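Note that the structure is a prediction, hence the values are computed from the model and not measured. Chain A is the first sequence line, chain B the second, and so forth, proteins listed ahead of strands; every chain is numbered from 1. Atoms considered below: every heavy atom in the structure, side chains included; atoms not considered: hydrogens, waters and symmetry mates.
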Amino acid sequence: MALLRLDDVEVAYGDMVAVRGVSMTVGTGELVAIIGSNGAGKTTTLRAISGLLRPRRGRIEFDGARIDGLTSSDVVGRGIAHVPEGRQLFPTMSVLENLELGARTPAARAARDGTLKSVFDLFPRLGERRRQLAGSLSGGEQQMCAIGRALMALPRLLMLDEPSLGLAPVMVGAIFDNLARVNRDGTTVLLVEQNVLRALRLCHRAYVLENGTIALEGPRDRLLADEGIKRAYLGR
Amino acid sequence: MAEGLRAEQVRLPAPQGLILDPVLVVQAVVSGLLFGGVYSLMAIGLTLIFGVMRVVNFAHGDLMVWAMYLAWLGATRFGVDPYVGFVGAAAILFVAGFAIQRQLVDRIVDAPHEMQILLMLGVALVLENTALVAFGPEPQRVRTPLTQAALWLGPVFVDVGRLVTFAVAIALTLALSLFLYRSDIGRQMRAVADNGYGAQVIGTDVRRISALAFAVGAACVGAAGALVAPLLPFQPPTGLQLSVTSFNIVIIGGMGSLLGAFMGGLLVSVAESLGAVFLNPSMKELVSFALLVVILLVRPAGLFGRRAI
């Protein structure tokens, strides 16, 4: 059964429709990528799922229950954590405080110290810098901190918006390896990426978004072999 | 020639400044510092509200005057000493602040600044005029046995009322920083102040945190008002003056900085006290505004200016 299901979702900013008629599913345990160029509607789709934007039409279901129209704090309470574009940390607070703030729900708060240990296990660098202010971290460390903060909510679905943005290739590799590990450990992942090749190599399935609609979808191997994708996104 | 010489002498900065009586200076600094605890508490309330909501609370001084009247009512009707009654005043203002945020401020949190200013000025006017209707225009003062007592530290005179006011204000400031740095709600307030969107993304109930921040800010100024009621005669228009002093302190300390509001409160109070002694009591504001201008010239973001608490 699908953990997340979008059915004919339309999202608009005022009169400007950013996403129209998007339907997609993410199954439990999957790692699904949404790829596409700038302005294709990827971020808007994630924000609609998170309750940060209200869809104008369509339904969003999580674990069988409708979640469109809920507030973002309710959506987090249902078990969806969002690592936003640009990381959006609390720069004048310590790494530890940033992480602890991620444990918002009662269940997450009860398990806080244990989750913290596993986050430091995943990103040892964060453990070393736990007393440092988040604003003083490097870009890659900030991305780790943002992912760690989302994991502190003990999500069943982890959504990431452009985690590779502005990072050195080595750091992108490290972050993606960690995402694969988080997924192997049982968390469902929905990844939005402009770095199409990396995203396709990592995911099980992907949706290609163009101008607010789904242009193509399929398992990773089929998309990696697709001539149109090679031409448009992979540059060969 | 002789006239030129005299003009030269007149222009010398404060002739008495050259032959300052050290006891007088220490006296002015001590009494300014002791009064400053209240200024700090008042400014911390304003900076907390601004930090979390980016809304400037133009009704801040009027809330404080209401707390002074509450202390006065407590003392005159129920015989409650203001040094005890400040707890009640703070609690009442906490509730009032929560209600004002939920019913009014919440509607304009995302509005342009000029609309926010209109609403907050409206709240200030309503508060000031209801105080005028309820209590009349005569200046009031709360009497407590403590203000009659004094200590002598050598040649320096310490007013016991000011000392207690200062001690309580400092204790409340410490309690507030413990709350903001150690408690979960307090950390959420700092998180919203630091990055409101980031806080929303991780599931913080920003509306609830904002209402609580406004309530805590109002409670701070409520405690400050009750504590200062025995030291400062007040009437309904005093609110505007206190609002302006609060803004002055917050800008000197750096918008949104708690440490800045604390240090700024002490600094402005000492400056006013020195100004009152060495210039003229009615010119004390001149000194604190001159301080503001100098600080803005040297450090435009304020003493501890950053973008968040």
Side-chain angles (χ1 to χ4, degrees), chain A residues 43 46-47 49-53 67 70-94 96-110 112 133-136 142 145-155 158-161, chain B residues 44 47-48 50-54 102 106 109-111 176-213 253-262 301-309:
Chain A
T43 295
L46 284 200
R47 284 165 55 92
I49 297 169
S50 285
L52 296 163
L53 289 172
I67 59 164
L70 293 186
T71 64
S72 50
S73 56
D74 287 336
V75 171
V76 172
R78 297 289 174 99
I80 300 181
H82 185 163
V83 181
E85 193 177 353
R87 314 186 264 270
Q88 305 293 343
L89 295 174
F90 307 116
T92 72
M93 301 177 80
S94 71
L96 188 63
E97 283 182 309
N98 268 272
L99 294 174
E100 289 182 346
L101 278 162
R104 283 264 57 80
T105 63
R109 223 170 307 163
R112 200 174 76 177
L133 296 186
S136 71
Q142 289 195 15
C145 189
I147 295 172
R149 184 179 69 175
L151 290 173
M152 291 297 292
L154 291 176
L158 177 68
M159 303 198 298
L160 302 102
D161 197 350
Chain B
I44 285 171
T47 216
L48 178 66
F50 176 79
V52 171
M53 271 154 279
R54 307 278 144 190
R102 262 291 149 90
D106 192 45
V109 163
D110 297 319
L176 181 71
S177 25
L178 269 183
F179 166 73
L180 287 172
Y181 282 85
R182 292 289 153 82
S183 78
D184 187 53
I185 301 271
R187 282 180 172 179
Q188 289 187 62
M189 283 181 193
R190 285 168 53 226
V192 173
D194 219 3
N195 182 350
Y197 176 66
Q200 199 190 352
V201 164
I202 63 165
T204 309
D205 188 345
V206 174
R207 288 188 64 216
R208 175 167 159 266
I209 293 300
S210 297
L212 285 172
M255 301 283 276
S257 161
L258 287 176
L259 182 63
F262 178 74
L303 289 176
F304 298 87
R306 251 198 273 137
R307 280 211 52 86
I309 299 185

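Scanning residues 205-212 of chain B against chain A with a 4.5 Å non-hydrogen threshold yields B/D205, sorted by number.
Remark: B/R187 fails to qualify as a cation-pi partner of A/F90 under the 6.0 Å distance and 45° angle criteria applied to the six-membered ring.
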May I have the list of side-chain donor-acceptor pairs in residues 82-89 of chain A shorter than 3.5 Å, sequence neighbours left out?
| from | atom 1 | to | atom 2 | distance (Å) |
| --- | --- | --- | --- | --- |
| A/H82 | ND1 | A/S50 | OG | 2.6 |
| A/E85 | OE1 | A/T43 | OG1 | 3.3 |
| A/Q88 | OE1 | B/N195 | ND2 | 3.0 |

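Note: A/P91 leads A/P91, A/G102, A/A81 in heavy-atom pairs under 4.5 Å with chain B.
Looking at every heavy atom in both residues, B/T47 comes nearest to B/A261 through CG2-CB, 4.0 Å. Listed here is the closest heavy atom pair of B/G203 and A/S73: O-CB, 2.9 Å.
Scanning for side chain to side chain donor-acceptor pair (under 3.5 Å) contacts around A/S136 gives A/Q132, with sequence neighbours left out. Under the rule for a side chain to side chain donor-acceptor pair (under 3.5 Å), the partners of B/Q188 that lie at least two apart in sequence or sit in another chain are B/D184.
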